[in-house]
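Working notes for the structure below.
In the text below, chain A, chain B and the rest are named by the order of the sequence lines, each starting its count at 1.
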Number of protein chains: 2
Amino acid sequence: MARAAKSSGQTGEAVEAAIAGDIQAGALPPGSWLKQIDLERRYGCTRTDIRRALDRLTTRRLVQHIPERGYYVCLPDDRRKAELREIRVILEMAMVDFLAATPEAIAELRRLAERFAEASAAGTHLERYESNREFHVYLTGLSRNRELAALIVDLRGHLPATPVMQWHSQARIEQSAAEHFAMVEALAAGDGPRLKALLADHIRQPTR
Amino acid sequence: MARAAKSSGQTGEAVEAAIAGDIQAGALPPGSWLKQIDLERRYGCTRTDIRRALDRLTTRRLVQHIPERGYYVCLPDDRRKAELREIRVILEMAMVDFLAATPEAIAELRRLAERFAEASAAGTHLERYESNREFHVYLTGLSRNRELAALIVDLRGHLPATPVMQWHSQARIEQSAAEHFAMVEALAAGDGPRLKALLADHIRQPTR
DNA sequence: CTCCGCATTATTGGCGCCAATATTGGCGCC
DNA sequence: GGCGCCAATATTGGCGCCAATAATGCGGAG
């Protein structure tokens with residue numbers, strides 16, 4: 001199902017985000033061809049918007065382009081996923097040294113960790129995905145190195161499919177929730193090394 | 001002066017690269033407006049090509065876009081430059097752990113270090129810029145983590161102006177050349193920590 | 001029955017026109 | 001003489017048409 005086909009929003013990045021979302025949510029399966037005619041109907045926008053969005057998604061390598069043939073959703077590539085995950089580990093561990101955590105920020109992080117825990121216990125896949133994402137994005141946003149924060153968030157959007165679908169066991173999900181809380185506490189205690197270790201383990205989990 | 005306005009090359013990334021090059025070479029000064037009409041004449045391509053290129057350069061933040069006004073070359077931002085440099089330090093130090101250096105690769109690196117040294121002694125600014133770039137790109141390419149290598153190279157293209165122009169003293173340049181050789185030797189000796197230290201110092205220099 | 005080739009159809013992607021909007025320059029008013 | 005408003009001009013950016021090219025389906029030959 002198409003998400004939020006706002007037929008008259010400020011089209012531009014909106015379409016790109018919508019397509020990216022549908023790819024990561026699995027609505028547009030890996031390998032499928034993205035016909036411009038379909039897309040412009042699905043998202044209720046013009047062909048020009050679609051082309052811009054596809055071009056940008058190509059640079060993000062969420063889709064690939066073959067001239068005179070079209071665009072298709074990138075196939076999952078285990079090697080690439082592993083490499084990107086390792087880059088996330090590198091960047092997020094480095095980010096810890098730039099974190100500026102106010103008490104309010106820590107309170108907000110606790111709230112977000114709580115939300116993810118709730119979604120883990122009784123929530124849809126989408127809720128889990130989004131609350132998890134929010135936690136990490138907020139944490140990232142605490143970095144005084146704005147470029148580093150932006151890069152990390154950006155990188156999240158570079159992973160093709162293998163979406164929320166197959167988050168493994170319930171036990172694993174709840175462990176993730178617990179890890180979120182542990183990270184908050186490490187941050188609150190100003191224990192950088194511990195936070196780094198927690199982050200590394202957390203990210204290196206098969207999915208998420 | 002416009003560089004290589006190949007009026008009938010495969011326009012696409014070519015135009016983007018050409019504009020990026022002119023920005024980094026200073027031909028398109030920071031703050032100047034990039035009128036589409038001028039650009040399509042300068043690079044001998046169509047308006048569509050120009051628009052795609054400008055859109056991509058906007059995502060790279062080499063230019064900025066104001067709707068109904070146009071695109072202009074990003075102004076140098078010291079904070080941003082410092083942050084990006086710090087990210088380079090993080091990534092290139094991390095890259096050291098992924099390096100796979102064959103004897104041939106080390107020989108090639110020596111050759112490139114030599115070329116930069118020659119350009120340092122008696123070469124144009126452009127030659128220095130390019131040979132320096134080649135050294136770093138080649139070194140980066142030795143990483144077994146292809147995504148990491150791609151990210152590092154990508155990041156080099158995100159720095160706006162303050163180009164080769166003002167490479168400071170001749171002494172500094174020759175020190176850079178010496179550092180290149182030292183890095184090669186550290187790599188050849190398999191001394192990761194030393195290579196990391198050299199890289200960090202090298203990158204943290206005011207320019208380059 | 002299968003395979004090859006051709007005509008038809010579907011799709012991409014370039015190009016240019018034009019409306020909307022900002023900028024410039026001139027003219028009159030204070 | 002300076003300031004501000006308004007007309008003329010310049011520029012952006014959307015939209016749709018159409019040529020080039022690839023995919024598809026049909027029919028005939030082996």
Side-chain angles (χ1 to χ4, degrees), chain A residues 2 4-20 22-23 27-75 160, chain B residues 2 4-20 22-23 27-75 160:
Chain A
K6 44 168 59 180
S7 47
S8 68
Q10 85 290 354
T11 61
E13 321 203 353
V15 178
E16 179 190 1
I19 298 178
D22 280 344
I23 289 175
L28 299 172
S32 60
W33 287 96
L34 299 172
K35 315 212 173 186
Q36 298 178 7
I37 293 187
D38 296 342
L39 295 180
E40 68 185 284
R41 276 202 277 266
R42 172 188 260 254
Y43 300 102
C45 60
T46 88
R47 166 111 22 150
T48 307
D49 295 318
I50 294 296
R51 288 199 198 155
R52 253 215 300 276
L54 288 175
D55 185 59
R56 288 183 176 179
L57 291 170
T58 300
T59 69
R60 282 167 61 174
R61 290 205 279 179
L62 272 175
V63 307
Q64 268 195 286
H65 176 57
I66 300 179
E68 314 295 342
R69 286 289 312 279
Y71 298 83
Y72 64 92
V73 181
C74 270
L75 298 160
Chain B
K6 44 168 59 178
S7 47
S8 67
Q10 84 290 356
T11 61
E13 321 203 353
V15 178
E16 180 190 0
I19 298 178
D22 281 344
I23 288 175
L28 300 172
S32 61
W33 287 96
L34 300 172
K35 312 212 175 189
Q36 298 178 7
I37 293 187
D38 296 341
L39 296 179
E40 68 184 284
R41 274 202 278 266
R42 172 189 260 254
Y43 299 103
C45 60
T46 88
R47 168 131 352 173
T48 307
D49 294 319
I50 293 296
R51 289 200 198 151
R52 253 215 299 278
L54 288 175
D55 185 59
R56 288 185 179 179
L57 292 170
T58 300
T59 70
R60 281 167 61 175
R61 290 204 280 179
L62 272 175
V63 306
Q64 268 196 286
H65 176 57
I66 300 179
E68 314 295 341
R69 287 289 311 280
Y71 298 82
Y72 65 90
V73 181
C74 269
L75 298 160

Whichever of A/Arg51 and B/Glu68 has its nearest DNA chain D nucleotide further upstream toward 5':
B/Glu68

Judged by each residue's nearest nucleotide on DNA chain D, which is more toward the 5′ side, B/Gln36 or A/Asp49?
B/Gln36

What is the distance, to the nearest angstrom, from the [atom1] atom on [X] to the [atom2] atom on [N]?
X	N	atom1	atom2	result
B/Asp55	D/dG14	CG	P	11 Å
B/Leu34	D/dG13	CG	C1'	16 Å
B/His65	D/dT12	NE2	P	10 Å
A/Asp38	C/dT11	CG	P	7 Å
B/Arg41	D/dA10	CZ	P	12 Å

Can you give each donor-acceptor pair under 3.5 Å made by side-chain atoms of residues 31-38 of chain A, sequence neighbours left out, with the distance rounded to 0.1 Å?
residue: A/Ser32; atom: OG; partner: A/Pro29; partner atom: O; Å: 2.6
residue: A/Gln36; atom: OE1; partner: A/Arg47; partner atom: NH1; Å: 3.4

Annotated structure of DNA chain C as dot-bracket, pair cut-off 3.5 Å, Watson-Crick or G-U only, | for inter-strand, is ||||||||||||||||||||||||||||||

May I ask you to evaluate whether A/Thr46 reaches the phosphate of D/dG14, defined as a side-chain N or O under 4.0 Å from OP1 or OP2?
no

Which part of the nucleic acid does A/Ile50 contact within heavy-atom distance under 4.0 Å: base, sugar-phosphate only, or nothing?
nothing

A/Ile37 side chain, from C-beta outward: closest of C/dC15, C/dT11, C/dG13:
C/dT11

